Amino acid sequence: MKKILLVLTSTDTMGDTDEKTGYNVAEAAHPWKVFKDAGYFVDFASIKGGQPPQDDVDESDPIQKDFTSDEATRAGLYNTAKVDVIDADQYDALYLVGGHGTMWDFPDNKGLQKLVASVYDDGGVVGAVCHGPAGLLNVELANGFRMVEGREVAAFTNDEERAAGKDSVIPFFLADRLEAEGATHVSADVFEEKVIVDDRLVTGQNPVSAAGVAKEMVKILTEVVREEKAEEQHDAEALRARHDAETDTSGQE
């Protein structure tokens, strides 16, 4: 069965403030629908495991309502697996859901870093949106390079943090940290959609970019499957040709 893992924050408060946070429901719900519609089974994990905190649900958004009322999804979110115990081999892709909470518990989590690297190194697709790319920081791949080094990426911008009034609360500006690790941060205007595809890494700027990230991930996954099938067919035809050649040789003796 084709499977995609959604990773969520376990942080429910912004730093030393009393301001509540969690994963952004829209950034989970819209990709969830894209993945489900494409025939993928969706699992959930979080930094600490258990039930992750969530931001408010937009009741005017039918996709968010479907996501939060779906029985299988509710069961999966009730007791998520801890990222440290996830078997990366089970998943074709990994998607890092945003929300301000990720700024505190994504960047320095060794289990998440290992999971992201494992999925990518095994040929899988990694996606992240808004503050989700915080989970790409400090990730080192098998080739010794950092995950974002030399890549174009999108993420919540400095101007968007200021517009949201969170610039004095967050521990760092995500776009700046990504560039400090060697990435080229590419952005659209404040709160406009922006999706960047760089090989098998897909990133998005903000909540309205979430569905676009998921769609690009599915495109890559579909192409990977096509390539695998073409390679299998090529190998089968080569084997058949060798068998036919050996049969002809045997018949001439």
Side-chain angles (χ1 to χ4, degrees), residues 4-33 35-36 42-86 94-113 115-116 127-138 155-156 160-161 163-174 177 191 203-211 213-214:
I4 296 177
L5 182 69
L6 271 60
V7 180
L8 312 162
T9 181
S10 294
T11 298
D12 61 2
T13 305
M14 293 192 192
D16 297 328
T17 72
D18 294 327
E19 190 170 356
K20 296 299 182 183
T21 187
Y23 72 87
N24 185 288
V25 178
E27 293 171 21
H30 286 261
W32 165 82
K33 178 172 174 52
F35 296 145
K36 295 279 283 186
V42 176
D43 275 347
F44 301 95
S46 62
I47 298 300
K48 294 182 178 179
Q51 188 168 12
Q54 67 177 38
D55 286 339
D56 294 334
V57 178
D58 181 357
E59 296 293 340
S60 67
D61 181 357
I63 295 177
Q64 289 188 51
K65 291 180 69 175
D66 288 347
F67 175 79
T68 54
S69 62
D70 181 80
E71 289 188 8
T73 299
R74 287 168 64 90
L77 289 170
Y78 181 74
N79 189 24
T80 62
K82 189 176 180 180
V83 290
D84 300 67
V85 302
I86 294 293
L94 177 73
Y95 172 78
L96 305 175
V97 180
H100 271 96
T102 64
M103 295 287 282
W104 281 269
D105 63 4
F106 271 22
D108 299 312
N109 187 275
K110 300 297 183 184
L112 180 58
Q113 292 166 11
L115 179 60
V116 172
V129 72
C130 200
H131 293 92
L136 304 176
L137 296 171
N138 304 314
F156 209 59
E160 286 173 324
E161 292 289 10
K166 299 296 187 287
D167 53 303
S168 62
V169 178
I170 55 173
F172 56 86
F173 282 110
L174 180 54
R177 279 287 297 274
F191 302 127
T203 50
Q205 180 172 321
N206 44 36
V208 297
S209 308
V213 169

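Since this is a predicted model, take the numbers as computed values, not measurements.
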State, to 0.1 Å, how close [X] and [Y] come at their nearest heavy-atom pair, and which atoms those are.
X      : Y      : answer
Gly49  : Ser46  : N-OG, 3.0 Å
Glu160 : Ala155 : OE1-O, 4.3 Å
Val97  : Tyr23  : CG1-CB, 4.2 Å
Pro31  : Ala210 : CG-O, 3.6 Å
Gln205 : Phe191 : NE2-N, 4.3 Å
Val129 : Glu27  : CG1-OE1, 3.5 Å

Nearest 0.5 angstrom please: [X] [atom1] to [Y] [atom2], how far?
X      : Y      : atom1 : atom2 : answer
Leu112 : Asp105 : CG    : CG    : 8.5 Å
Cys130 : His100 : SG    : NE2   : 7.0 Å
Thr73  : Glu71  : OG1   : CD    : 10.0 Å
Asp84  : Asn109 : CG    : CG    : 5.5 Å
His131 : Thr9   : NE2   : OG1   : 11.0 Å
Leu5   : Tyr95  : CG    : OH    : 12.5 Å

Under a 4.5 Å cut-off applied to non-hydrogen side-chain atoms, are [X] and [Y] in contact?
X      : Y      : result
Lys82  : Ile47  : no
Leu174 : Pro133 : yes
Lys166 : Glu19  : yes
Phe172 : Leu137 : yes

Report yes or no: does [X] contribute a side-chain atom to a donor-acceptor pair with the main-chain N or O of [Y] at less than 3.5 Å?
X     : Y     : answer
Ser10 : Lys48 : yes
Gln64 : Val57 : no
Thr80 : Leu77 : no

(request) Step by step, work out the side-chain contact (heavy atoms from CB on, under 4.5 Å) result for Leu136 and Val116. (result) CA-CA 7 Å; Leu136 304 176; Val116 172; 4.2 Å; yes
(message) Can you classify the ring geometry of Phe67 versus Trp32 as parallel (below 30°), tilted (30 to 60°) or perpendicular (above 60°)?
(response) perpendicular
(request) Kindly determine whether Gln51 and Tyr78 satisfy side-chain hydrogen bond (donor to acceptor under 3.5 Å, both in side chains), including the steps that lead there. (result) CA-CA 5 Å; Gln51 188 168 12; Tyr78 181 74; 5.9 Å; no
(message) Run the side-chain hydrogen bond (donor to acceptor under 3.5 Å, both in side chains) test against His30 and tell me which residues pass, sequence neighbours left out.
(response) Asp61
(message) Among residues at least two apart in sequence or on other chains, which ones pass side-chain hydrogen bond (donor to acceptor under 3.5 Å, both in side chains) with Asp167?
(response) none
(message) Within a 6.0 Å radius of atom NZ on Lys65, are there more than 12 heavy atoms belonging to other residues, nucleotides or ligands?
(response) no
(request) May I have the step-by-step check of side-chain contact (heavy atoms from CB on, under 4.5 Å) for Thr102 and Leu96, ending in yes or no? (result) CA-CA 9 Å; Thr102 64; Leu96 305 175; over 6 Å; no
(request) Could you give me the CA-CA distance, side-chain angles and deciding distance for Asp55 and Thr21, then say whether side-chain contact (heavy atoms from CB on, under 4.5 Å) is met? (result) CA-CA 6 Å; Asp55 286 339; Thr21 187; 3.9 Å; yes
(message) Which residue is it: Met14, Arg177, Met103? I am looking for the one with a side chain to side chain contact (heavy atoms under 4.5 Å, CB included) to Pro171.
(response) Met103
(request) Step by step, work out the side-chain contact (heavy atoms from CB on, under 4.5 Å) result for Thr13 and Trp104. (result) CA-CA 9 Å; Thr13 305; Trp104 281 269; over 6 Å; no
